[in-house]
Amino acid sequence: MRPVHRSIAQSVVPAIAGLALTFVPQVARAQVSVGGVGYVQYQFALANDTLAADSAIHHINNFDITRAYINVTGRFAGGIATRVTADIFNAGAIAGSRAFRIKYAYVTWTPNSMPLTFKIGEMHTPFIDWEEGLWDYRMQGTMAMERNGYMSSSDFGVGVDGKFQADRFNFQAGLYNGETYSGALGDQRKDIQARASFRVLDTDDGTRVGGLRVTGFAQLGMPSSGGRRQRLLGMVSYRSMDLTLAAEFAVTRDSTTGGNVVPGGGGGAGPVALRNGRVISAFGVCHFKGTRVSLLGRVDLVDPNTSGTVTGDRQTRVIAGASYQLAPNLRLLADVDMLSFESGFTPTAANYAAYVARQSLFFHAMFTY
């Protein structure tokens, strides 16, 4: 009986294996994965100030989870891909609680043999995600344009990405609601945003942000209440495996014909006159070859209103720190974040929290899974 069983096994097993192999390519075409990232921080504010209208002394000495993202991505036949990202954040409405919202939810289509990817949904905006990839330390905080309210990393819209000659030239452009993923959907008014980046010199970093690059960005639109929302930005950057250097210059124009609050402060119930602003940011990262240690630094200069008649609104932020890659999925960062204000600045109830935290020591941890 044993030889009979062996002969049956010898005939049946290959048949089953062959049948399975016929389905493997079909299954492989549909790949769904789940991952995520979390940002943990400890903040100690060096300032210890009081507001005239507030008798309590405010001081920050806290551990916190500033962000947690859950990503579900899928790749399917025909060049179709999807992504849904849950954003769990500290809303502050209920002490100790966290709020939940969708940050990304979009579908993309990359036709065969084409360098273009078309997308629709709640997606990355053209510049912030690209710049965060260059800076590579989102765990410390948002970039200068986003931190000061001029851009967002995500919005609802439709767009196209393109890359040519192994990312020597890449771009992203789209039509968006303009009110960001965390705002209301808005009205019939829409914003056009576009970024283009060209690598003029190769390095050992061949990614979309690697090499010596010249990058430009433009945004033209208007807020839901009417008016203007315009950004023009130019950047020169250099990135290799061990060194990152970048400098950007941006001009902004904002106004409302209704009651929207414009970036940099101001606004209210009525129309807001045209306001021209300026943002200058420079940053660098140095990785010590053969180690897990990196040093980083950044300077942001923000002037919400460049009119000579407006004083007290300019801000300077200096960030400096050191990071250690403890494991492939765990990075640590210790840094100091110093925000200074132009002479004549007066803290109010609206900006008091930022004023108290203007000089802070941080310890960050970023983990992925």
Side-chain angles (χ1 to χ4, degrees), residues 27-41 64-91 97-110 116-143 145-147 151-163 167 170-174 176-177 179-183 185 193 195 197 205 207-210 239 323 325-333 364-369:
V27 175
R29 292 181 184 179
Q31 300 176 353
V32 179
S33 61
V34 179
V37 60
Y39 300 128
V40 182
Q41 77 172 28
D64 196 7
I65 299 176
T66 57
R67 274 293 194 276
Y69 297 107
I70 302 174
N71 298 313
V72 181
T73 60
R75 293 188 177 276
F76 308 92
I80 303 298
T82 60
R83 174 175 174 176
V84 176
T85 297
D87 179 9
I88 304 169
F89 66 103
N90 188 350
S97 67
R98 295 296 184 270
F100 166 89
R101 64 189 174 198
I102 298 296
K103 184 169 185 179
Y104 303 116
Y106 60 84
V107 58
T108 69
W109 175 48
T110 306
L116 302 178
T117 297
F118 303 92
K119 58 178 65 175
I120 186 170
E122 188 177 0
M123 69 185 74
H124 301 94
T125 53
F127 185 72
I128 294 297
D129 177 69
W130 186 91
E131 185 182 31
E132 286 180 348
L134 176 66
W135 166 237
D136 199 28
Y137 282 91
R138 171 63 179 84
M139 60 193 294
Q140 196 285 328
T142 52
M143 306 307 297
M145 292 295 287
E146 184 175 14
R147 183 171 293 197
M151 292 186 193
S152 172
S153 57
S154 175
D155 204 345
F156 301 86
V158 59
V160 58
D161 296 3
K163 59 180 182 179
D167 262 320
N170 57 60
F171 77 92
Q172 181 180 347
Y176 305 89
N177 282 344
E179 307 307 321
T180 83
Y181 73 101
S182 59
L185 293 181
Q193 299 183 35
R195 172 198 55 80
S197 180
D205 186 336
T207 67
R208 64 174 183 156
V209 296
R239 176 163 167 149
S323 74
Q325 193 74 42
L326 184 62
N329 68 324
L330 178 59
R331 175 184 287 182
L332 307 177
L333 170 65
H364 303 271
M366 181 187 77
F367 59 91
T368 59
Y369 59 91

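Every heavy atom of this structure was used, including side-chain atoms; hydrogens, water molecules and symmetry mates were not.
In terms of modelled atom types and a separation under 3.5 Å, the side chain of N329 and the main chain of T368 share a donor-acceptor contact. Side chain of W135 to main chain of T142: no donor-acceptor pair is present (N/O by atom type, distance under 3.5 Å, no hydrogens or angles). With hydrogens and angles disregarded, no donor-acceptor distance shorter than 3.5 Å links the side chain of N177 to the backbone of E179. Although no hydrogens or angles enter the test, the distance criterion places a donor-acceptor pair under 3.5 Å between the side chain of Q172 and the main chain of H124. Formation of a donor-acceptor pair under 3.5 Å by the S153 side chain with backbone atoms of I128 is not found in this model.
The minimum heavy-atom distance between W130 and R208, with the atom names listed, is NE1-O, 3.4 Å. Contact between S152 and T180 at its shortest, heavy atoms only, is CB-CG2, 3.4 Å. The two atoms that bring V209 and L134 nearest to each other are O-CD1, 3.8 Å, heavy atoms only. When all heavy atoms of L332 and A365 are compared, the closest pair comes out as CD2-CB, 3.9 Å. Taking every heavy atom of both residues into account, A105 and I102 meet most closely at CB-CG2, 3.7 Å. Pairing each heavy atom of L330 with each of Q325, the nearest pair is O-NE2, 3.4 Å.
Proximity of D161 to M123: side-chain heavy atoms (C-beta onward) are nowhere separated by under 4.5 Å. Looking only at side-chain heavy atoms (C-beta outward), Y181 and Y104 stay at 4.5 Å or farther from each other. Counting heavy atoms from C-beta on, the side chains of I70 and Y369 come closer than 4.5 Å. Between I120 and V107 there is a side-chain heavy-atom pair separated by less than 4.5 Å. Side-chain atoms of E122 and F156, non-hydrogen and from C-beta on, do get closer than 4.5 Å to each other. The side-chain heavy atoms of D129 and F127, taken from C-beta on, include no pair separated by under 4.5 Å. Looking only at side-chain heavy atoms (C-beta outward), V40 and H364 stay at 4.5 Å or farther from each other. Using a 4.5 Å cut-off on side-chain heavy atoms (C-beta onward), Y176 and P126 make contact.
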Inset, instruction - Kindly determine whether L116 and F171 satisfy side-chain contact (heavy atoms from CB on, under 4.5 Å), including the steps that lead there. - result: CA-CA 10 Å; L116 302 178; F171 77 92; 3.8 Å; yes
Inset, instruction - Check the pair R98, N90 against side-chain contact (heavy atoms from CB on, under 4.5 Å), reporting the backbone distance first and the verdict last. - result: CA-CA 5 Å; R98 295 296 184 270; N90 188 350; 3.8 Å; yes
Inset, instruction - Show your working on side-chain contact (heavy atoms from CB on, under 4.5 Å) between D136 and R331 and close with a plain yes or no. - result: CA-CA 11 Å; D136 199 28; R331 175 184 287 182; 3.2 Å; yes
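Note that CD1 of I88 and CZ of R101 are 11.5 Å apart. Values are rounded to the nearest 0.5 Å. To the nearest 0.5 Å, atoms OG (S182) and CG (D155) are separated by 9.0 Å. The structure places CG of L333 at 5.0 Å from CE of M139, a figure rounded to the nearest 0.5 Å. The line from CZ of R138 to CZ of R67 is 6.0 Å long, rounded to the nearest 0.5 Å. Interatomic distance, OG1 of T108 versus CZ of R75, reported as 7.0 Å (0.5 Å rounding). Annotation: the span from M151 atom CE to Q193 atom CD amounts to 7.0 Å, rounded to 0.5 Å.
In summary, the side chains of R195 and S197 do not present any donor paired with an acceptor at a separation below 3.5 Å, with no hydrogens or angles considered. There is a side-chain donor-acceptor pair under 3.5 Å between T207 and D205. Side chains of S323 and Y137: a donor-acceptor N/O pair is present below 3.5 angstrom, by distance only.
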